[in-house]
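All residue numbers refer to positions in the sequence shown, counting from 1.
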Amino acid sequence: MPTENSLSLKQARALALAAQGFGRPPRGAPGALQVNRMIERLGLLQIDSVNALVRSHYLPLFSRLGAYDQTLLEQAAWSQGRKRTLFEYWGHEASLLPWSAFALLGWRMQRAREGQGIYKQLAQFGREQQPLIRRIVQAVREQGALGAGSMGQEGRTGSWWGWSAEKHALEWLFAAGEVTVAGRRGFERLYDLPERVVPRAVLEQPPLETAEAQRRLMLLAADALGVATEKDLRDYYRLDARDSQARLLELLEAGELQKVQVQGWAQPAYCRGTPRIPRKVKASALLSPFDSLIWERARTERLFDFHYRLEIYTPQHKRVYGYYVLPFLHDGRLVARLDLRAERARQRLVVHALHGEHQNLDDACLVAMADNLQAMAGWLGLADVQINCPSQDAQRLQALLRAIKAL
């Protein structure tokens, strides 16, 4: 039986799902307020370039809020003026973060300037190519927001994604906080000086001491995860193990975090204060492969008994589940995975494969899955959902989709 300082696995799942914003969809169409509140709750959205379905940073909000207007996220991320509430930086990989996190990442920018915490080749470039880097800064200063493609090419490096020297310079400057992303052209970043993008009140905040900023990031991670091991907390904002372990001890001593034991977990877990555990989190959702609920794959296995790996870069003949596979959340569990593709030219959302975690998905699960697929197709502006999977569950799903369309 769980005690005051222990949680059952079911309680841990409910706590994690509630912390991640599941179970309370808004009434009516979500607006800018709901979009921004959800991002604040999650702390950040991971950006990824793969567009097999829709770019990944759009999906977590759909999973939690339903069919929101995508332009609301675009305005929050890349517009000019008051509607802009987010900035791009290295949070959990490339991320969109609220302005409230800007001061918490100054130490990371400083370390990047010193060649720490960035790719070795980029650090070496920063040491050896300062004259070019200064020329690029001057070009941005004089010309305004620029993409790497609009600059003269001084030649490819040949060893790192074929980046030009100018692209290397801009990425070093971005990591160092000397330029920021003003907007995007297609998916290409447009870089500008921070003082022309970041609100003055944000930019003029006094710098935080490194340990304090890291403690705040750990607490944001704890809020967003609900219950988490030290490694889970560390992974959320990609802190170094040495920093994370030191900050955890400080937060425990200050009473900001408390230690708990989760049923079946070998490592101790931590949460903020005495956790308020919901009885049940009612949510059904298709999850982006880059959803913050499942970032830390070992945690996903501990919480949901769900082994998940992205197979985009796996040769086709070696894939187990498919190219772009979304886990399906239902009744507090990850119960299935679907290989989805948006065929925009044919105006259809295609299910190439459906894999249930257990033999034969029940009717309630398939009804919820059909509703989610139909809602996703409508949200993406696609007219139909097509099932290309021959499994028994997939055929039952197809029948449900036909029934929904006939209503």
Any donor-acceptor N or O pair under 3.5 Å, side chains Q110, R113: yes
Can you tell me if R299 uses its side chain to pair, donor with acceptor, with the backbone of W295 under 3.5 Å? no
For residues 92-99, please give each side-chain donor-acceptor pair under 3.5 Å, one per line with the distance, not counting sequence neighbours.
unit_1: H92; atom_1: ND1; unit_2: D235; atom_2: O; d: 2.8
unit_1: H92; atom_1: ND1; unit_2: Y236; atom_2: O; d: 3.3
unit_1: H92; atom_1: NE2; unit_2: R238; atom_2: NH2; d: 3.1
unit_1: E93; atom_1: OE2; unit_2: R238; atom_2: NH1; d: 2.3
unit_1: S95; atom_1: OG; unit_2: H92; atom_2: N; d: 3.1
unit_1: S95; atom_1: OG; unit_2: H92; atom_2: O; d: 3.0
unit_1: S95; atom_1: OG; unit_2: E93; atom_2: O; d: 3.0
unit_1: W99; atom_1: NE1; unit_2: R84; atom_2: O; d: 3.1

Compare every heavy atom of A182 with every heavy atom of A145, then report the nearest pair and how far apart it is. CB-CB, 4.0 Å
Flag for T71-D69: side-chain donor and acceptor within less than 3.5 Å: yes
Test salt bridge (Lys or Arg N to Asp or Glu O under 4.0 Å) applied to E114 - qualifying residues, sequence neighbours left out: none
Does N51 reach the side chain of R344, with side-chain heavy atoms less than 4.5 Å apart? yes
Just by distance, with hydrogens left out, do Q20 and S292 show a side-chain donor and acceptor under 3.5 Å apart? yes
Has R272 got a side-chain atom pairing as donor or acceptor with D223's backbone, closer than 3.5 angstrom? no
Is it the case that atom CD in E253 sees more than 12 heavy atoms from other parts of the structure closer than 6.0 Å? no
Using every non-hydrogen atom in the two residues, find where A165 and F125 come nearest and quote the distance to one decimal. O-CZ, 3.4 Å
Quick one: does R111's side chain get under 4.5 Å of T210's, heavy atoms only? yes
Assess whether atom CZ of R341 is packed by more than 12 heavy atoms of other residues, nucleotides or ligands within 6.0 Å. yes
Is there a side-chain contact between I39 and T85, using heavy atoms and a 4.5 Å cut-off? no
Pair E74-Y58, side-chain donor/acceptor within less than 3.5 Å: yes
Salt bridge check: are R247 and E250 linked by an N-O gap of less than 4.0 Å? yes
Take F102 and M109, measure what side-chain contact (heavy atoms from CB on, under 4.5 Å) needs, and give me the verdict at the end. CA-CA 10 Å; F102 191 83; M109 297 174 187; 4.2 Å; yes
More than 12 heavy atoms from other groups under 6.0 Å of CG on D384: yes
Distance-only side-chain donor-acceptor flag, N388 / Q386, under 3.5 Å: yes
Rounded to the nearest 0.5 Å, how far does CE of M369 lie from CG of L286? 7.5 Å
Give me each pair satisfying ring pair (Phe, Tyr, Trp, His ring centres under 6.0 Å) with a member in residues 371-407, each pair once, sequence neighbours excluded. F62-W379, Y68-W379
Pair E357 + R337, salt bridge at N-O below 4.0 Å: yes
Side chains of L354 and I387: does their closest heavy-atom pair fall under 4.5 Å? no
Anything under 3.5 Å between a donor and an acceptor, one on a side chain of residues 320-336, the other on a protein residue two or more places apart or in another chain? List them.
unit_1: H330; atom_1: ND1; unit_2: S284; atom_2: OG; d: 2.8
unit_1: D331; atom_1: OD1; unit_2: K280; atom_2: NZ; d: 3.1

State, yes or no, whether a side-chain contact exists between R141 and L193 at a heavy-atom distance under 4.5 Å. yes
If I take atom CG from residue L239 and atom CD from residue Q245, how far apart are they, to the nearest 0.5 angstrom? 11.0 Å
Does some side-chain heavy atom of R302 sit less than 4.5 Å from a side-chain heavy atom of D232? yes
May I ask you to say whether R189 pairs ionically with E171, meaning some side-chain N is under 4.0 Å from a carboxylate O? yes
Check the surroundings of atom CZ in R24: do more than 12 heavy atoms from other residues, nucleotides or ligands lie under 6.0 Å from it? no
L380 side chain near L53 side chain, heavy-atom distance below 4.5 Å: yes
Do W172 and Q129 meet the criterion of a side-chain donor-acceptor pair at a distance under 3.5 Å? no
Heavy-atom nearest pair, L15 first then G226, reads CD2-O, 3.6 Å
SB check D243 R108 (cutoff 4.0 Å): no
Is there a side-chain contact between R402 and K405 (heavy atoms, below 4.5 Å)? no
Quick test of your reading of the model: are R184 and E88 salt-bridged, counting only N-O distances below 4.0 Å? yes
Listing, residues 262-269 side-chain donor-acceptor contacts under 3.5 Å, not counting sequence neighbours, or none:
unit_1: Q263; atom_1: OE1; unit_2: L9; atom_2: N; d: 3.1

Would you say W78's side chain and Q75's backbone share a donor-acceptor pair under 3.5 angstrom? no
Would one find more than 12 heavy atoms of other residues, nucleotides or ligands at under 6.0 Å from atom CD of E209? yes
Are any of the side-chain nitrogens in R309 or E301 under 4.0 Å away from the carboxylate oxygens of its partner? yes
Salt bridge (Lys or Arg N to Asp or Glu O under 4.0 Å) filter on K282, not counting sequence neighbours, yields none
